[in-house]
Each structure stands twice: as C-alpha cells, then as structure tokens.
Amino acid sequence: MPAYAWPLRLKIAAAVAVAVAGTLFVLAALSMDTEGESPLGAPVEALSPEPRSSVVRQVPVRIDLEAGWTGELTLNGKPIPDDQLTRDQGLGTITFVPGPGKAVERLQAGRNCATARVWSLASGPASTRSVTWCFEAA
C-alpha cells in the first residue's frame with residue numbers, strides 16, 4: 001500500500017513513534033556517563049597522566065592546582081600517605097611517584113584512576129572538591 005494511501009491515524013501514530021524514539025535517544029545521550037569529560041576547571045590547571053592517555057607503569061601521577069589550593073591523592077582506591085606525596089606550593093603541584101615500598105609500587109596494567117580531594121588553603125579541608133581522572137598503563 002503506498003504511503004499516501006495510509007489512513008491519517010496511522011500516519012500520526014508513525015510520526016509520534018519517531019518523535020518519541022528521537023526524544024529517548026537524545027535523553028539517553030545526555031544522561032550517559034560523563035567520564036570522558038575533562039575534570040579541568042577551577043582550581044585544577046592540569047592532570048598527569050592526562051585523562052584517557054596511555055602511559056608506562058612507573059609514570060608519576062600529578063595534579064596542578066591554582067595558587068592557594070592543596071589536597072591529597074588516592075590511586076586505584078588506595079590513599080597515598082602524605083609523606084609519599086611531593087608538594088610544590090609555588091607551582092601548586094601534588095605529585096606521587098610509584099615505587100618500591102610505597103602505597104602503590106607501580107600502576108596496574110590497564111585502567112588506573114586517580115582521585116584528588118582538593119581544598120583552598122584559606123578554607124581548609126572542611127570544604128573540599130573531588131577530581132577523578134582515569135588513564136591506561138601498559
């Protein structure tokens with residue numbers, strides 16, 4: 001049966017079905033996991049390794065913050081002790097280098113995720129922001 005011969009009710013139902021499907025597609029796209037989005041933004045100036053990058057398993061993990069900010073790192077769910085972090089308040093960096101005897105001796109093969117809990121030196125750790133980024137290690 002040619003399309004022009006379809007009853008008006010069937011044409012309206014088809015148009016509504018297409019509109020609903022399109023709306024559901026857009027809503028699904030908007031609600032997708034935002035892991036791929038960049039966590040950069042005040043107070044974060046840079047992350048290393050960069051999100052979604054591939055690195056060797058001994059690479060340092062670093063967050064570069066605006067002046068007047070500090071924080072702590074967790075790597076693959078393991079909190080990194082403060083005495084294993086290198087802080088440079090002048091540059092605003094917090095760095096962890098995996099190694100023997102440390103909380104993380106080397107990055108795990110495959111996906112690794114770091115979380116930095118950061119806060120303004122003026123307000124202290126009572127007011128924190130968490131920043132998480134993931135990368136691959138070979």
Exercise for the section: Taking the side chain as every heavy atom from C-beta outward, state whether P125 and E72 have any atom pair closer than 4.5 Å. Expected result: no
Handout entry: Single-linkage hydrophobic cluster W133~W119, side-chain heavy atoms < 4.5 angstrom
Key = no
Fill in the blank from the handout: Shortest non-hydrogen pair, A103 vs Q84, comes out as N-OE1, 2.9 Å
Compile the donor-acceptor pairs under 3.5 Å between side chains in residues 89-101 and protein atoms, sequence neighbours left out, one pair per line.
none

Completion exercise
SG (C113) and CG (N76) are apart, to the nearest 0.5 Å, by 6.5 Å
Practice task
For the residue pair V44 and L65, establish whether any side-chain heavy-atom pair is separated by less than 4.5 Å.
Solution key: yes
Exercise for the section: Look only at the side chain of R129 and the backbone of A42, and say whether a donor-acceptor pair between them is shorter than 3.5 Å. Expected result: yes
Handout entry: From CZ (R117) to CD1 (I63), nearest 0.5 Å
Key = 12.5 Å
Exercise for the section: State which residues pass side-chain hydrogen bond (donor to acceptor under 3.5 Å, both in side chains) with D64; sequence neighbours excluded, sorted by chain then number. Expected result: none
Problem - Minimum heavy-atom distance E136-R111, with the two atoms named - result: OE1-N, 3.4 Å
Exercise for the section: Please round to the nearest 0.5 Å and tell me the distance separating atom OG1 of T86 and atom CZ of R62. Expected result: 10.5 Å
Problem - Neighbour count >12 (heavy atoms, 6.0 Å) for atom CD, E105 - result: yes
Exercise for the section: Looking only at non-hydrogen atoms, find the nearest pair between L47 and P51 and report the distance. Expected result: CD1-CG, 4.0 Å
Handout entry: R87 (side chain) donor-acceptor with G71 (main chain) under 3.5 angstrom
Key = yes
Problem - V61 and P49, any side-chain heavy atoms less than 4.5 Å apart - result: yes
Handout entry: Joint cluster assignment, L85 & V59, ILVMFWY side-chain distance < 4.5 Å
Key = yes
Problem - Min side-chain heavy-atom separation W69-L121 under 4.5 Å - result: no
